[in-house]
Colleague: 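Handing you this structure, nothing more for now.
Just so we're on the same page: letters track the sequence lines, and every chain starts at 1. None of these values were measured; they are calculated from a predicted model.
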2 protein chains.
Amino acid sequence: MTEARIRNARTRAADNLVSIYERQIIDGTLAVGEPLPPEREIMQFFGVSRTVVREAVQALSAKGLVEARPRFRPVVRTPGYDAAIEAVGSVVNRLLTVPGGVRNLFELRIMMEAALVRDAALHADKIHVARMKQALADNEAAISDSQRFFDTDIAFHRVLYEVPDNPVLPPIHQAYTDWLSSHWKRMPRDPEHDHVNYRAHSRIFESILFRDPDAAELALRDHLDYAWNQVRQTFAEP
Amino acid sequence: MTEARIRNARTRAADNLVSIYERQIIDGTLAVGEPLPPEREIMQFFGVSRTVVREAVQALSAKGLVEARPRFRPVVRTPGYDAAIEAVGSVVNRLLTVPGGVRNLFELRIMMEAALVRDAALHADKIHVARMKQALADNEAAISDSQRFFDTDIAFHRVLYEVPDNPVLPPIHQAYTDWLSSHWKRMPRDPEHDHVNYRAHSRIFESILFRDPDAAELALRDHLDYAWNQVRQTFAEP
DNA sequence: TCTGCATTTTTGTCATACCAAATCGGAACG
DNA sequence: CGTTCCGATTTGGTATGACAAAAATGCAGA
């Protein structure tokens with residue numbers, strides 16, 4: 001377990017550069033949005049070859065510290081949670097390929113949103129309740145408009161992630177929708193489903209209004225179980 | 001939001017190699033544990049320079065698909081959730097540096113474990129209950145042995161992540177302990193704390209035994225709030 | 001001041017070379 | 001026959017130099 005980190009006896013030269021710029025970015029020596037120096041400048045300054053410099057830059061990019069579009073100077077990235085979650089995207093895509101991967105991730109989502117609706121039922125303030133109400137109205141208005149219903153569906157759930165006022169949560173929701181939307185869109189689109197889902201949203205909202213966490217959790221689990229039964233059909237998973 | 005992916009108009013040559021090997025790894029053409037071909041071989045086969053090959057390998061490594069130790073041939077990695085979580089480690093370390101980062105992550109942990117103890121109270125089977133009991137006993141025996149108490153503390157919480165039988169969860173617990181342990185260890189180590197924490201574990205366990213999710217959640221929140229008050233003192237966070 | 005073009009940088013890629021470490025193969029030995 | 005050890009070979013890490021294409025820059029003209 002820990003030996004996984006110990007075995008790094010020898011280091012690549014690029015690793016030094018990476019840690020140096022990592023520090024400079026974190027302590028603000030390199031401001032957000034500022035481009036890194038040109039490769040040749042870096043290589044002269046540190047006395048390494050361009051090979052090493054390029055490797056370091058790529059590593060920084062993979063770590064999400066800088067944004068490196070081809071042919072452009074890498075710019076220091078804003079340290080938000082969005083950037084972090086985006087960097088995780090490729091990894092999770094791999095997870096979705098392992099047997100049962102989609103189901104495991106979906107169950108994690110159920111668990112998390114169950115916790116969120118409980119929290120909302122207990123702590124949602126007027127602003128968030130109003131936002132949910134609006135999202136619910138939008139959702140109802142979008143029934144039988146497949147694309148718009150999909151969007152408003154997502155928007156409704158997003159409010160749940162905003163209630164606890166923890167900036168980590170919205171990016172997680174964003175990630176979920178990104179990763180699962182590809183399958184979601186393959187689902188059979190049927191106005192009947194829209195009605196069912198809207199009623200489920202409505203039930204969740206009411207439970208939150210009544211400050212009843214148990215009812216809210218139950219409603220949400222019903223809702224997502226139903227959704228899962230639709231999603232799973234796009235797989236061969238049991 | 002979506003433009004973040006659109007602006008990738010031009011592609012790097014290495015990206016092709018990455019996607020090719022990505023496919024080969026996922027569909028099993030390259031078995032797990034098998035090393036990638038030598039760089040020179042790859043470059044001849046695809047007619048690209050070694051620069052490109054090395055860049056591709058580095059990208060694969062960053063994605064967690066292969067494990068590339070310096071001086072060794074990169075080997076295809078087992079597609080488990082551990083690998084994924086480990087790959088995001090650097091990203092999360094960055095998150096811990098943003099203002100309030102530790103607190104946000106800790107609150108996420110509280111929310112998640114609250115959900116876990118509820119689940120345990122409702123669904124934990126005999127095996128998991130026995131495991132928790134054992135962990136609790138180990139924890140008690142380790143009181144006032146700072147290091148061992150720390151380990152058994154973690155072990156107790158780990159059981160919570162094992163109950164839902166979702167392979168995503170244990171790596172998440174592993175990640176939490178990895179990322180937070182550095183701060184944890186800076187905490188004032190006091191046998192009194194051990195007693196308090198053990199009693200808290202005990203209370204959580206009993207609530208689960210009684211199949212009382214509300215009591216379990218309450219006990220856990222008390223426990224982690226207490227822990228947070230210890231952790232926060234190693235920061236200047238309000 | 002703004003626009004468009006020509007010039008200069010800068011990145012992406014290639015080719016080649018060298019060193020040091022890992023791997024491989026066979027010899028020496030039990 | 002298996003094991004150990006040592007040398008040759010392979011392979012990854014790094015350096016250097018070069019060139020095309022795209023981006024940044026600066027200047028001239030409107």
Colleague: Excluding sequence neighbours, so at least two apart, what forms salt bridge (charged side-chain N to carboxylate O under 4.0 Å, His left out) with B:Asp194?
Modeller: B:Arg189
Colleague: Rounded to whole Å, please give me the gap between CZ in B:Phe72 and C1' in D:dT10.
Modeller: 14 Å
Colleague: Quick one: sort the A:Trp228 and A:Phe106 rings into parallel, tilted or perpendicular, breaks at 30° and 60°.
Modeller: tilted
Colleague: Counting only distance, no hydrogens or angles, is the base of C:dG12 paired donor-acceptor with the side chain of A:Arg71 under 3.5 Å?
Modeller: no
Colleague: Could you state the CZ-P distance from A:Arg69 to C:dT10, rounded to the nearest angstrom?
Modeller: 17 Å
Colleague: Only counting residues at least two apart or in another chain, list the ones meeting ring pair (Phe, Tyr, Trp, His ring centres under 6.0 Å) with B:His193.
Modeller: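 Here the qualifying residues are B:Tyr226.
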Colleague: Tell me every residue that passes salt bridge (charged side-chain N to carboxylate O under 4.0 Å, His left out) with B:Asp153, counting only those two or more places apart in sequence or in another chain.
Modeller: none
Colleague: Just the atom pairs and distances: protein N or O near nucleotides 7-9 of chain D's N or O, under 3.5 Å.
Modeller:
none

Colleague: Apply salt bridge (charged side-chain N to carboxylate O under 4.0 Å, His left out) to A:Arg131 and list each qualifying residue two or more places apart in sequence or on a separate chain.
Modeller: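 In terms of salt bridge (charged side-chain N to carboxylate O under 4.0 Å, His left out), with neighbours along the sequence ignored, A:Arg131 is linked to A:Glu162.
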Colleague: Using whole Å, report how far CD of B:Gln58 lies from P of D:dT14.
Modeller: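 To the nearest whole Å, that distance equals 10 Å.
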Colleague: Can you identify which nucleotide, out of C:dC14, D:dA24, D:dT14, has its nearest atom closest to the B:Val52 side chain?
Modeller: C:dC14
Colleague: Could you tell me which residues satisfy side-chain hydrogen bond (donor to acceptor under 3.5 Å, both in side chains) with A:Asp145, sequence neighbours excluded, listed by chain and number?
Modeller: none
Colleague: Under 4.0 Å between any heavy atoms, over every strand shown, what does A:Arg73 touch: base, sugar-phosphate, or nothing? Just pick one.
Modeller: sugar-phosphate
Colleague: Sequence neighbours excluded and cut-off under 3.5 Å, please list the side-chain donor-acceptor pairs for residues 34-47 of chain B, or say none.
Modeller:
unit_1  : atom_1 : unit_2  : atom_2 : d
B:Glu34 : OE1    : B:Ala31 : N      : 3.3
B:Glu39 : OE1    : B:Arg50 : NH1    : 2.6
B:Glu39 : OE2    : B:Arg54 : NH1    : 2.8

Colleague: Which of residues 35-51 of chain B have a heavy atom under 4.0 Å from DNA chain D?
Modeller: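 Residues of residues 35-51 of chain B that come under 4.0 Å of DNA chain D are, in numerical order, B:Pro38, B:Glu39, B:Arg40, B:Arg50.
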Colleague: Rounded to the Å, how far apart are A:Glu55 CD and D:dG13 P?
Modeller: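 To the nearest whole Å, that distance equals 7 Å.
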Colleague: Without decimals, in angstroms, what is the distance between A:Asp15 CG and D:dG13 C1'?
Modeller: 11 Å
Colleague: I'd like to check the side-chain hydrogen bond (donor to acceptor under 3.5 Å, both in side chains) partners of A:Asp151; sequence neighbours left out, ordered by chain and number.
Modeller: A:Gln147
Colleague: Measuring only between side-chain heavy atoms, which start at C-beta, is B:Val48 closer than 4.5 Å to B:Asn16?
Modeller: no
